[in-house]
Every structure is written in C-alpha cells, then in structure tokens.
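Heads up: the structure comes next, in structure tokens.
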Amino acid sequence: MHVPSTDTCKAPDNRLSKSNQLEDKTAADEGGKTGSTGGEPRLINLPSSCGSSGSNSLARPLTDRAAVERDLVVSGEQRRVPGPEKVSPAPALFAQLHGGAMRRLEDDEKPLQMQNEYLSNLGYGDPWRVQEEGMDPEIGCLIRFYAGKPQCVGGADRVQLTGVFNVRKGKLALPVNRWSRRHVTLSGTCLIVSSVKYAHTGKMHILPLIGGKVEEVRRHSHCLAFSSSGPQSQTYYISYDSYTEHLRWHRQAAKIVSQRVSSVDLSCCSLEELPSPLFYSQDLTHLNLKHNFLTGLTHLTRFCRLRSLNLSNNALSDFPLAVCDITSLTELNLQGNLLTSLPSVLGTMHNLQTLLLDGNSLNSLPADLCSLEALTYLGLSFNLFSCVPPALEKLRGVERLCLAGNQLSSLDMAGLQWLPHRHIDLRLNRLQRVVVGEAGLLCHVAQLDVRDAGLEELDVRTLSRLELLRCDRNTLTLLRVSGLALKGLHTAQNELRVLEVFPVPESLTVVDVSRNRLDCLPDWVCESTRLEVLDISHNNIKELPIRLFCSASLRKVLVGCNGLRRLPERLEKSQLEVLDVQHNLLTELPHNLFIKAQSLRYLNASANKLECLPPASLSEESFSSLQELYLTNNSLTDKSVPLLTGHAHLRVLHLAYNQLQTFPASKMARLEQLEELDLSGNRLRAVPTTILSCRHMHTLSAHSNNITVFPEVLQLQDMKCVDLSCNELCEVVLPESLPAKLQELDLTGNPRLNLDHRSLDEGPGEPAVWSHGYTEASGVNNKLCVAALALDSFCGSREALYGVFDGDRNVEVPYLLQCTMGDVLAEELHKSKNQEDYMTNTFLTMQRKLGTAGQRLGGSAALCHIRHGLVAPSDRGGGGCFTVTAANVGRCQAVLCRDGKALPLSTTHTVRQQSEYQRARQHHAIITEDNKVNGVTDSTRIMGYSFLCPAVTPRPHVSTVTLTPQDEFFILASRGLWDTMSTCEAVEAVRNVPDSLAAAKKLCTLAQGYGCPDSLCAVVVQLSITEDCCCCEPPPPPPTDGTLPLPPPAMGTGSEVSSEVSTSEMSSEVGSTASSDEPANQTEKGVALGGRGGVLGRGAGVYGGGRASFQRQYSGALSDNGLDSEDEEPIAGVFSNGSRVEVEADIHCLRGQEVGPGETGTALCVIGGEAQLGAGSGSSSASRTLGGTLGRKGRGNGSVACQGRSQDVIEEVGDAPVRKQGGYFNAPAQPDPDDKLVIPPELEEEIREIMKQQEMSGEEFTYGCVPNDTLVNIPMNGIRD
C-alpha cells in the first residue's frame, strides 16, 4: 500500500498511521488558503480553489431567471443563497486506482484490506507475497492512498481556473478604463470577475464565452482579451503574472469559445459534488460527469436548459431523483452504476428520448416507464434480466431491444410479436431453446443479433421481414432463414453443415459463413443477384459452382482455406475486385482470369501448388487493374516471371518460397509502379539491376536465397527496408548518400560476409543443446509494435530464456517488457523454484514495473524458460532432465514440435470461455460488439491495461514440459502469425529448415504473404536433446582465487549483446517517458538502422555477421558497472568505461598487414556497436558512419558487438580499417610511436616470455596493429587459459 507522506515507511500500518497524522495537520492548517489550481499537486493538501467537498469559497447563484444580459451583474444579496451542502472537514483518506480518479474512503473501508484484495484479484495467491508486494513503492502506479485530497489531480483545470490578476474592462484605448486587481474564475462556460476583498460576498460580473472570442494582446505581455458574443458584447482584459499561467488560461478558454453548443466536460475529475461556479453557466445544454463519485445531485435542477446529462460510472446505488425535475432533458446516461431498481417518477420525464441503463444490476422495470412516449432508445444490456420486461410492450417508439449480456435462457419468438422493436440484440445470453412463433405476427422484426448465445440450432423462418441476422460464434449445425427481405447474413465460427435460405434472397448483399463445416456452396448463393461480398473461407468446400464468378454484382470473394482444386472458368460480366484463394490445392488459375476480370485489384493465391500464371492479356496491350499480387509458397518457376509484366499497375508483389532461379532484368524494368517486392526463399543468385527503374519501391525482401552481389537498391530514394539476410553476400558497397527514409538494412546470416574482426581461436567447446533465431517485422503502418527476448545463456549455462511481446498498436509496452522481464524472472528464481509460482509472479511483478505506461496501454507476452534439473539415469525413465516452462497472456503463443507434431505450450483467454466471461462480468465489465472488454482488448488476461483490472488481469497460463530427444524445436510468435496460420501449419513450415534464423524469417514472410497487416515477431529455438546431455553435471562454480573466470561456451549461433538498460533504471514511472521516438543519430551524416527482420524504426544499426540476428541481453553475469551482479565485487581483468564492459587481454597473436599507399577499399565494420563504412588510408573519400546500436533501438552509452560464429570479437574504435580478401581487418599503417598496450598484471609474465621468444627468433615485436586512439575490447570468453 502506498500512502504518500514525507517519511519513508517500512510497514503498511506505520505508513497509514503517519498518513492520518499528516491529514490531521492538514485539516488544522486549512483555513484561509487560496490560490490557483495550477500549482504543483501536494499529496496531503485539499484543493482550496476547486469545488470539492471542503470548498466554501463560492456560494450558490440565482436559479430563477436566465442570464439575459451578455454581461450579467449579480449582487451580493442574491449570492447569499445557500450553496451545496458542505461535507465535514473531518480527516479522510482517498484511494486512487491505476492513476485514475480518486475516491473518498468510507468509514468502514480499510486501506490495507483494500490493497490486499486488489493484489489478490490481480493474481497473487500467497498471503505473504501479497504483503511483500504491498510494501513495494512501485505499487503506487496500481493502487495509492492519499491523506487528504491532492490538488490538480483528475483534470482540475477543466473544473475551474481561478486567481487574482490585473483586469481591465472595455477598450484599452479609452483612458477612463484602468487596470484593477480582481478575483477571476473560469468555470463551465463563463468568466467570473469579482472583487478581491469581497470575492465571496460582493457583486460579480459574469461573461458568457460560448460563441465569443479569446485573443492575445500583443501590446501587453501575458495578456488575454475575453469577449462575449452578440451585438452588445463586452470585453475583459486580464494580465497574468507568468507565461505558464497565461498559457493555461488561453488553452482552456479557447476550448470553450470554439464550442457550437454549450457543453461542459468534467469527466474523470474525482468530483464528489459539483463546483459552485458551474451553476453560473445557466445556458448549459450538455453536461458530462462520467467517472466521478458524485453523491449530492439535488442542485442539477438549476440547469434549466440541460438536454444531455452523462452520469455513467459514478457508483450510484440509487437513482438520482433530481434529474426527473429537469423537464428539458432528452438524453440520460446512467451506464456502469450500481442501480438495482428504477423509481416510478421516472415516467414523468416526457421529453426523454434516450435512456442508457447498461451495466447495472436491474432485474425489472417499473410499469410507469410506459409513459415515456418520446423514448426512442433504451439500453438494458448487461443487467440481470431473466426475461423480457413486460413494460417494453407499450414503448411503441423504441426501435431497439438491447438485452445483451443478461440472463435470458430462451428465445420466445411468440413473445416478440407483442414488442414494437425492429432491432433485437440478445447476444451473450445463454439461450438454451428457441420457441417458434407465427410468421404473420413477426413482420416488424428487421434485425436479430444472437452472437455468442450458445445456440446449437436456429430456425428464424417465421421472421419473414428479417433483413440482418448475426449469429456468429455459436455452435450451430443447422440454420434456416427466410430470404424475402434478407440483406445481410453473418454466421461465422459455427459448426454449420446445413444452411437453408428460402426463398432466394434477392436483396442479399453480404454473406459471411467462414469457419464452418460446409461441404458445398448452397445454390441460392449464385442466384442472389445483388450479392457483393462472399466469405466462405475455412470450410470443407471442394468445388465452386461454375456460374459463381458470372455475377455482375459480386465484388469480393474469400474462399481461402478450403480444398479447392480448380476455380470456375466462366468469368463473363465479372466485376470482381478482391479474390482470395489462398490455402487450397490449386495447380493453376483460370486462363482468362486477368483478361475477363479487368477490375481485379487484389489477388491472393498463396499456399497453393501453382506452377504457372495466366497471361495478363492476349496482346501486348493490357488493361489489367491488378495492384496487389500474393503468390507466396507455391511452385512457380522462371516461366511465370514474363507473365507478370502485363500488370503495369502492380504495386505489391510477393513471390516468396517458390522455385525461381532468375528474374530477368528486362521484365523487372517494366514493373515501374512496384513499391513492395518479396523474393525470399527462392534460388536467386542476383537481384536485377533494373530494379532502379522502380522509383517508388520502398521495401525489398530477398532473404534465404543464393545472392552473392549486393544490389544497388540503396540508390532508390524511397527505400525504407532491405532484407538480404541468409544469402551468400561477399561484400557490401554503399552509395555516397543513403536514402533519407531508410529504416533497415538486414545482412544477417551471410556466412561469407565478415563484418567483425578476426576471432581468436578457441578450443572445442561443449556441443550446444539449443540455438535460436528471431525476426521482427513491422506492419503496413511502418510501426514496429513487437519485440523479442532471446538469451541462450540465462542465469547459467544450463538455462535459457526466450520471449515474444506484442503491443498491438503501441510501442512502449513491448519495449519495456523486453528490457525488464528477464531481470524480473531472474529475481523470482531466487524466491521460488516451483515453475508455476515463479512464472506467475514474474508476470504479476511486471504489471507494476510497467509503471504509468501500463495504466492505459497493454500488450501480449509469451515466455519460455529452459532449465536443467540433475536427474540420475536410473530415475529418468524415458524422459530427459531439461524442462521448458511456458507462460503467456494475450495472443502471443508458443508451440513445441515433438516428433513432427505440434504440442501447444500456451492458450488464449477470451470472453468466449465461460469462466473468463463470468469473471469479467463479476467486476462490472461490458463486452462490446467486437467481443472486447469495455471495447479495449479481446483478451481477458494481458499485460498492462491496469485500468481494466480486475476484469482483465496479467495472471498467465503456465505449462511445464520435460524435453525429450524427440523434441526438435519450439516456436514463439506474436498474434499476427497465429491469426494467419495454425500451430500445425507453423511447425510443418519450418520443420525442414535447419537454420533457426531462416526458420523465423520464413514464418514471418509466410504470414505477410497470407495477408497479415500487423507487426510480426517469431522466435525459433532448435533443440538437440540427447540422453547424454540429460546426465551432464552442472557447470562448476566460478573460481575465487582472483583469476579471470571463464563463462560457459556460447549456446546458439551467435553471441548475445549486452544491454545498457538494467532493472535499476526501470522505475515505476518509466512508462511516462516511453515513446516510439528513436534517438538521434550519433554521427553527423549517419543513418541509424534498426535490427529486425522487417521494416524497422530509425536509430539502430546495420545488421551483419553470423547466422543469428542481433540480440540484446538484459540479464547476465555482468552488470553495467563492471561488477558481478551477485557479488558486487570487481572481476579481475575487467574494467568499465560507463556502460561498456571491457576485458584486458593479450592480442599479440593478431598480425596487422599494412595497406599500401595506393590501395583503397571500403568495408563495413562494427565500431562501438555501430556499423561503419570507411575507406582505407589511401582513399580520398570521407568515411561515413551508420550510427546506433545493433538492435531495434540504438543507444549511445554502450558498445554492442556484432554476431559471428564465435563470441571472440576484437572491437576497434578509430580510423576505419580496410577489409582484405581473407575477411580480416587491419589497422591503418604508420601508427603513432606513442602507442601503448595496457597489459593486466596477471598476463605480464606471459607477455615477457613471448617477447623473449620473438627476440631470439629475430622477429621484431611491435604494436603496429594498435594505434594510440584504438580501443581493444575482447569479451571474457576470448581469453584462453
């Protein structure tokens, strides 16, 4: 529990008692304090200028007449009318959840008990752990208690602005008008000016601002001119003491004068009663008071012109009777309260047109409600109705019956005949049976919504005038509908085998029967002459009707994921614009597809068996309108490439994972409008040079080919992403100026392209048990909202940690999870050895570590932790001693490939699961029509979104599997991948790909080829579990005799990179400054390029080196200050310069080769974690640096080494060396004579012996390879015994 106070508390009880003392002191010092609400918020002071419960600075205004004059003067006598009731200034505590509105605690509420209940609902089960978490200061971002109500919290500026300023009335040019010191208040829609001495008793001037003006007075500093509207407008000039005050008033006043209607928004302001100055806005018509804690609402009747009132989410347990006296009210919103009944006097609101009562606890309606003859909309969703209320029968003007999320158990068609409603919403009820009524009595029903209602059969033929039917996400096997007036039919995600519509629907425009079990397409579909959209994907349809594509109205057809072997050849009068036939068994497309369907703009035929393509036209002149063509994962050969040139308007072309060997340059030159090209997974040896004719191209992906020459694509000025990983590149030559929009250049997985210095020879190490590769790709909006965590060596050589994080549309949450979650898990391992406990607590602890970013943002997460448990051979049985523990929330998932079959390690939690739905409803959550909790997320367990807690929690699903020799690999991926392919398909796609990086790249490329528009992230971990590794002894402890300890050998294809972010740097407020903005380039002409497999944000570095993609390691044996994270003692031979950890070592075994004065060359190298393009000493061109660290986001305070096949990297900072043919890098010739080599004490004797041997052999020992400005950095495992 966090109660802000001046003393540091060590226990919740002490903290609470001190808070009470502070509160008593605050109450004693409260008298006489006035000031502006714009001051800094003090957690223990009550606001003196806001209209809170303890405010007495303003009295109640007149209410018996409207403000007729534009400059209304109210006398002191009139203002002595008693105001709202004052609350006793007794000491009080306030509670604030997830940084939102603050609520005064009742006398019987106990803060410590509230905090324990909150943490228990969050997911903590151990009472001791609940108390431990309650002591953590970071818990304040989730739940916080205040002694007294703090100022300026909850939008106090929107409540009112007040202060004492110099004021002048009338024109400035008139000498009779002088500046005077006045008390000024801006509240509601009015500006109130009164005397300073008699601010609460004297007369005041009220200036209505709606339709008026607020302008800056340039001749006076910090001065604003407020003017009312109309021919008799008045003007007040106010001079402020500071620019900050001037800006606050100008911003708030500008919002008021710009309004067309007189409205005030005081939502989420922690109000307990209405501020007194608000009642002077007597022309107010719209008032928004949602998300407050209002109790005394008797004074609302003073707004005699009020038309719309929003009182939702105010925890009202009783209906506010005062609103019934507002005769002008037409809209009343009482959603999300605690109402259990409605008063009969509600029937007197004869002008009421809209009444929203959703999200309460109502189970009946008063009979007097039928008197509301003007009522047109009544919201009763998510209450406790077990049947349709009889009072609704007489509400003839209400067209919609909204009873979603109630407790109805049957659908009585006969009962609907007495209701006047045309639209009936009964979704999310548990309808066990349907009672058929008479067709002649149900002609008025036009729309029926029974989504998520648990129906198994549905016959609505009696609804003869039904226009729209929604019955998605049930378990329907049989559906019968009348087609007389049917316009839309939505039955996705059922078990339909029979779908009957009679008679033929002549008005039908949209049909969605996807994800069912239909064997054939019903005949009435082809006979519907107005059908525009048809979605029959994910069924068992083997053949389409011949005349399907002959419809002149059909625009969009989705038939993917069926068993189609051919498509209809007849395409007469076809107006098709979108055709999706992916995941079928097609060997060819109709030969006249592009000739007849000239309106076709989008075609996705990925995941078929296509060997050729139909021609675009029968002559050289083509009328093709095709703009997007997806042909990923087929069997296309080089013969298909010339047929693409007829599509002159083609912008997106995906040909990944086919059998292409060449792409003729002449054909590429004709695709001038091409913007995105994907040629990955083929056998290409080069990218045609004529790609430069595609001047609008911004994305080129050609990974997993045999390309040996770097294409000249960087000369295209619109280029953003170039992916040439997993090829055979030998060298990279960059142009003089890089494209300004370039975000990524991925060169990982090119074994012949050495971007690092020569590695020290290392003896044979222990064989790797696992290795990984991962990739990240942005979506169509060029925003990377995913992140990956990959640590082959985690907390020791026998452990590993992998994770995937998906922020949906935000960048902050996945980045924070990536930076922090590994450290949190390492801490939890010391507290508990139980897999479920430490994994669960890791996710729950991360909820508070997200800080303010997690209050309104959220994201999915999946973690896989591999551990080694020493098991005796006799006790092992058939299993191994390595276990993988997987935990996930949201839509990120993990799957294990065991003997070629997919074994899911995770699950998803949605409201479709009855237990999750009941938990969300228990905490008063509302499920919107898109199946999202309060319209925010479709997952009931997810990281962040703490404002939805406890309806949405971060408690993960945890599973533990013992690894066996039959386990080949496992996959972690983000939501976008699993939305486009199943776990079995993902496993089958990469099972025969030996390289983990290439496997991860393939998964993301396939998902993009299948139409995924979201950000993608995939981690593939190859396993080599044997019986021998299960008996391995754990590694010995590090030596304690002062010698340099040797870390375990690298697990995987590349080394992890040290992170500059530690857990200590991640405070609870870290989310407040997190953003997607990238750091500035580290060099003047540098282009920072991100490290991921897709389109990246600026600010990272050029990929290069070994097979695996660059990684960031966020926990390990070394901390950022060069100290062991456990012992807090310096490691011998290790020193630090900021966040870079360096090891002193002998490098005399590397011989430099001097560059001749005439030799020139360019090369990429890694310098301080940056990829640099430089020239040799004889080159005349200046070197250019590609700044930033290797990874998704670059940082300027640390070194990051590129990955090779070894972790032994020598990092040089200085002039760019020249790469020779052998791949080695040499320092510039003619070194400074003052060069010195720092030799650690423990290596001095060895250096002397080597120098003596060289002198005896006549070989001169020099330091020519290390100039004075060169920094030598070798990781620890580069030191040999």
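Both backbone and side-chain heavy atoms feed into the values below; hydrogens, waters and symmetry mates do not. If you read the sequence from its start, that first residue is 1, and numbering goes on from there.
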Could you walk me through whether Ser680 and Ser701 pass side chain to side chain donor-acceptor pair (under 3.5 Å), step by step? CA-CA 6 Å; Ser680 305; Ser701 180; 2.9 Å; yes

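- Among residues two or more places apart in sequence or in another chain, the side chain to side chain contact (heavy atoms under 4.5 Å, CB included) test is passed with Leu716 by Leu692, Met697, Met719.
- The side-chain hydrogen bond (donor to acceptor under 3.5 Å, both in side chains) check on Asn634 picks up nothing, with sequence neighbours excluded.
- For Thr1005, the side-chain hydrogen bond (donor to acceptor under 3.5 Å, both in side chains) criterion is met by His703, not counting sequence neighbours.
- With contacts defined as side-chain heavy-atom distances shorter than 4.5 Å, the pair Ser704/Asp995 does not qualify.
- Taking the side chain to side chain contact (heavy atoms under 4.5 Å, CB included) definition, one finds that Cys1017 meets it with Glu776, Val786, Ala788, Val804, Ser974, sequence neighbours left out.
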Show your working on side chain to side chain donor-acceptor pair (under 3.5 Å) between Tyr630 and Glu628 and close with a plain yes or no. CA-CA 7 Å; Tyr630 297 87; Glu628 299 182 40; 3.1 Å; yes

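- The side chain to side chain contact (heavy atoms under 4.5 Å, CB included) check on Ser624 picks up Ser622, Leu626, His647, with sequence neighbours excluded.
- Taking Phe710 as the reference, nothing meets the ring pair (Phe, Tyr, Trp, His ring centres under 6.0 Å) condition, with sequence neighbours excluded.
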Residues 648-657, side-chain donor-acceptor partners within the protein, below 3.5 Å, at least two apart:
residue: Arg651; atom: NE; partner: Gln627; partner atom: OE1; Å: 3.4
residue: His654; atom: NE2; partner: Glu676; partner atom: OE2; Å: 2.8

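- Atom CG of Leu644 sits about 6.5 Å away from atom CG of Leu629, to the nearest 0.5 Å.
- Contacts classified as side-chain hydrogen bond (donor to acceptor under 3.5 Å, both in side chains) and involving residues 659-673 (residues at least two apart or in different chains) are given here: Asp638-Thr662.
- The side-chain heavy atoms of Pro735 and Glu712, taken from C-beta on, include no pair separated by under 4.5 Å.
- Remark: Ala686 engages no residue in a side chain to side chain contact (heavy atoms under 4.5 Å, CB included) (not counting sequence neighbours).
- By the side-chain hydrogen bond (donor to acceptor under 3.5 Å, both in side chains) test, Ser606 is found to be paired with Asn604, residues two or more places apart in sequence or in another chain being considered.
- Formation of a donor-acceptor pair under 3.5 Å by the Asn810 side chain with backbone atoms of Cys785 is not found in this model.
- The pair Lys741-Asp718 counts as a salt bridge, with a side-chain nitrogen and a carboxylate oxygen less than 4.0 angstrom apart.
- Side-chain contact check for Leu1003 versus Leu977: some heavy-atom pair is nearer than 4.5 Å.
- Pairs passing the salt bridge (charged side-chain N to carboxylate O under 4.0 Å, His left out) check and including a residue from residues 1002-1017, sequence neighbours excluded, read Arg975-Asp1014.
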